[in-house]
Number of protein chains: 2
Amino acid sequence: MTLEETRPPTIKTIAQNVGMTANTVSRALRGSGSISPTTRDKILAEARRLGYVPNAAARALVLGSANSLGLVMTNPSNPFYSELFSVIERRSRKDGYLLQLSATEENLQNEESAVDAMLRWRVDGAIVVATQGSDAPWQRLMANGVPMICVNRPLLEVDCELVGIDYEQGAYDATLHLLDSGHWPLVVFEEDLEISTVHSRIAGVHRALGVRGRAAEEVSIVRIESLRDNDSTLPWQPQSAYEEAHRRLAGTPRGTGVIAGNDFLALGVYRAAYELGLSIPEDVGVCGQGDHPFSAFLTPGLTTVRSPVQDIGAAAVDWIMERIRGAPPAPPTHRRFAPTLQVRGSTMARSTG
Amino acid sequence: MTLEETRPPTIKTIAQNVGMTANTVSRALRGSGSISPTTRDKILAEARRLGYVPNAAARALVLGSANSLGLVMTNPSNPFYSELFSVIERRSRKDGYLLQLSATEENLQNEESAVDAMLRWRVDGAIVVATQGSDAPWQRLMANGVPMICVNRPLLEVDCELVGIDYEQGAYDATLHLLDSGHWPLVVFEEDLEISTVHSRIAGVHRALGVRGRAAEEVSIVRIESLRDNDSTLPWQPQSAYEEAHRRLAGTPRGTGVIAGNDFLALGVYRAAYELGLSIPEDVGVCGQGDHPFSAFLTPGLTTVRSPVQDIGAAAVDWIMERIRGAPPAPPTHRRFAPTLQVRGSTMARSTG
DNA sequence: TTGTACGCGTTATCAC
DNA sequence: GTGATAACGCGTACAA
C-alpha cells in the first residue's frame, strides 16, 4: 500500500475523464442550468464510478454559507438538554442543515470559543442555551449578523429572541399543589447557579405563598452545590442534594413539602427520606421539575413539573429557519411555553393532623 | 438599517486598510514567517478593530482538512451516550477540533446521510456507534481514507478499530452474582434490537449458567419492544419493560432474579414488582447495566454493571488523534474495557428457603 | 521583511 | 447546450 497523499476526486477529475469542462460537470451534478441528457448521464455515471463527493468547504466558500447550524448547550447529560438535542438534530437534518455542537459546561470561556467556532464556520444560525455569565459572546455573534435564538434562558441585558419555559408558573403551580394538599412548611432545593431559571422558580414559589397567605420566611431555600462548573464530565446526579437533604430533613416536622429544581435533586431527597425513616408523601411531600424519564417509575411516582421539550426544540429550529430563509429581522419575541404539573404519588393529599 | 449583503472582513480588507499585502496579513495573524513587530501590531490592531474572524471554509479548502471530527451516535438520550458525548466533546475541543454530530436513531438511512456529511466536510476522523444494520456506509467512509473508530459496537463483517465494553464479562459477573446470592430462576430483559451488545450479554449469562451447572432452558430471555426505531424522539424509558415485567413477574417463584440490559429496563421491573406486591431483593433480585445517574439512589439501590465511559471516550479520541497526527495505519485492534459490578441493595443475599 | 503568483474546489456570469 | 473566465478567502512558493 503506497502512501500517496491521494486527494479525493473533484469535478475537474470527472470533467477530464468525460472530456468536458468543470462547469458542465457542476451543472450536471446539481441539476441546474441546461444539460443534454446524454452528457448528463455520462457525467453522473462517471461521478458514481469515482465515488465523487462534493467538497463542502469549497461550496461554502463560494456560497458564503455552509448550511449549518450552531447548537450551544451547557451540559448534554442533563436529560432535558439531551432530549432537546434530539429534537433539534432531527429537525435540522430534515431541512438539510448540519449541526455543529458545543458544550459550555456553564463556563464563559467555553462559550466564547463556541462563538468563535460558529463565526469561523459562518453558521447560518445559532440555537443557544446561555450560561448567563456575560452577554459579550452573544453580542458578538449577533453583531456579525448571525440569526440567533435563546432556549430556556434569556440573555442578561441584551434583548434576544427566546423560546423557553414558564418556570415561574410551573413553580407556582407546584407550590399551590403542595400547600393545598396539606404540606407545610416548605423547603426548596435549587442548584447554586445564578441563572434565570432558578430565579424564576423561586419567584413562582413566593407568588404562590402570597396567594395563600403563607409567610415566606418559613420557607427555606437550600442551594445545592453544583458540580457543573468543575472540570468534570460528571452527569447530573443526586449526590449533593442527597447529602443536603440528610441534614435538612432530619428534624423537620411531619408534613414538610419539598420543591426540587430538577428531578435528580428530588431523587436525592427520596433517598435521604428513606434513610431517615420518613415516608413519602405522608411525612414529606416531594415535587420535582423536568419529568425525567425515570420519575414516573419511582416509588412513589414523583410529582413533577413537565416541560414541553419537543415544542420548544421545534419552535427554535422553525424560527431559525424562517430567519435563514429571509424573514426580516423583527423585534425579539419571548415565547414561554406553559409547563404542566404531573401529579403522582409523592404528593398525595394527606389527612391533616 | 440598509439591507446591504455585507460580507465579513477578510485578510484583504485588513491589508488595504493598513497598506499591506494579503500575504503579510496572513502571516501576521498566524504568527508564522517573519514580520516586523511594527507592522505586526498594526495589522493585529486593525484586525481586532474590524472584528476579523478567519474563514474556516477557506482555510479548510486550501489545507484539505477542516480540523473537525465526526461523531455518530444512535441516540443521545441514552445516558451512556450523552456522557460519552461529553467526554469526547471536551477532549476534542481541547485539541482544537470541532465536533460534527449526528444521531442515527438506529436507522440505516440516517447513518448513510451522516457518512455523506462527513465525507463532504472532509472530517479528519470519525467516532462511530454503528447501528449494525449494514457495513456499507462505514466501508465507504474507510475507503475514502478517513480514520475511523467504532465505539461500543463492532461492525458486522468488516474489521475496524474498536474500543468498547466487555459486555459478555459484565453479564457473566452479574449472573454469577445473582446465582450465588440465591436467585433462581433467572429472567433476562433485553431490548429487541439485533445488536452485538445484546448478544454479548446473553452469551455472558449462558457462560455463567454453564459454570454453575444450571440449565439454560430455565432462563427466559424477554425481548422488550424498543421504541428507538420509531419516528419518535422519545428518550429511553422504562415503559415497555414495566408492562412486560407485569406479565412475567406475576406468577414467578419467590427468589427469581432479573437481569436487565440497561437500568431503565431495571427501573420498569422495580415498579412492576412494587405493584405486584413483590419486594426487592427478597422476592425478586434485580441487576441492571450502565449505572445510570439515578440507579444508586433508588430504593433499594440498584445493583448494576458499571461501564467506564470516560475511559472509552478518551481512548477513542486519543486513537483518532494519533492517526490524524500521522500514525501509520496498523491492523485494527479491539479493546474492550472491563465493566465492574456495583453491588447494591437490589441483590442482597437472601437466606435460602 | 515584504510582495507576486498560483492553487485549493466550487459556483456564477457571461459569452459562444 | 457548453466553454472560458472570474471569484470566494486563505496558504504556500518563490522572488524581490
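Residue numbers start from 1 in every chain, and the chains themselves are labelled A, B, ... in the order their sequence lines are given, proteins ahead of strands.
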Any donor-acceptor pair under 3.5 Å linking the side-chain atoms of Thr39(B) with those of Ser36(B)? yes
The helix from dT1(C)-dA16(D) to dC16(C)-dG1(D): angle between end helix axes, five pairs per end, rounded to 10 degrees: 40°
Donor-acceptor side-chain pairing of Gln132(A) and Ser196(A) below 3.5 angstrom: yes
For dT10(C) and Ser26(A) - does any side-chain N or O of the residue sit under 4.0 Å from the phosphate oxygens OP1/OP2? no
If the threshold is 4.0 Å, N to carboxylate O, is there a salt bridge linking Arg91(B) and Asp95(B)? no
NA contact type, Ile35(B), heavy-atom cut-off 4.0 Å: base, sugar-phosphate, or nothing? sugar-phosphate
Scan side-chain atoms only and decide if Thr131(B) and Glu111(B) contain a donor-acceptor pair under the 3.5 Å cut-off. yes
Integer-rounded Å distance: dT1(C) P and Asp41(B) CG: 14 Å
Arg59(A) side chain N/O closer than 4.0 Å to the phosphate oxygens (OP1, OP2) of dT11(C)? yes
Using whole Å, what does the distance between atom P of nucleotide dC10(D) and atom CG of Asn67(B) come to? 16 Å
Salt bridge between Arg325(B) and Glu322(B), side-chain N to carboxylate O under 4.0 Å? no
Rounded interatomic separation in angstrom, taking CD1 from Ile14(A) and P from dT11(C): 11 Å
Return the nearest nucleotide to the side chain of Asn55(A); candidates are dG3(D), dG9(C), dT12(D). dG9(C)
I need the CZ-P distance between Arg7(A) and dG11(D), as an integer number of Å. 14 Å
Counting the atoms with a prime plus P, OP1 and OP2 as sugar-phosphate, which does Leu61(B) contact under 4.0 Å by heavy atoms, base, sugar-phosphate, or nothing? base
What's the CD1-C1' distance between Ile11(B) and dA7(D), to the nearest Å? 15 Å
According to a strict under-4.0 Å criterion, is Thr24(A) in side-chain N/O contact with OP1 or OP2 of dG1(D)? no
Think Ser36(B) has a side-chain N or O under 4.0 angstrom from the OP1 or OP2 of dT2(C)? yes
Taking atom P of dT1(C) as reference, at what distance in whole Å does atom NZ of Lys42(B) sit? 16 Å
Check the distance between dT10(C)'s C1' and Leu119(B)'s CG and give it to me in whole angstrom. 17 Å
Answer yes or no: does a side-chain N or O of Ser34(B) lie under 4.0 Å from OP1 or OP2 of dT1(C)? yes
Using 4.0 Å as the upper bound for N to carboxylate O, is an ion pair formed by Glu161(B) and Arg323(B)? no
Base, sugar-phosphate or nothing for Thr10(B)? Non-hydrogen atoms, less than 4.0 Å. sugar-phosphate
So, are Glu105(B) and Arg90(A) salt-bridged, with charged N and O less than 4.0 Å apart? yes
With DNA chain C as reference, determine whether Ala22(B) or Ala58(A) sits nearer its 5' end, using the nearest nucleotide of each. Ala22(B)
Where the side chain of Thr39(A) is concerned, which of dT2(D), dT12(D), dC8(D) is the nearest nucleotide? dT2(D)
I'd like to know if Glu89(A) pairs up with Arg93(A) as an ion pair, taking the criterion as any Lys NZ or Arg NE/NH1/NH2 lying under 4.0 Å from an Asp or Glu carboxylate oxygen. yes
NA contact type, Arg30(A), heavy-atom cut-off 4.0 Å: base, sugar-phosphate, or nothing? sugar-phosphate
Ranking dG3(C), dG3(D), dC10(D) by distance to the side chain of Pro54(B), first place goes to dC10(D)
Just call it for Ser32(A): base, sugar-phosphate, or nothing, with non-hydrogen atoms closer than 4.0 Å on any strand. nothing
Rounded to whole angstrom units, what separation is found between the CZ atom of Arg27(B) and the P atom of dT12(D)? 12 Å
DNA chain C: Pro8(A) or Asn23(A), which has the more 5' nearest nucleotide? Pro8(A)
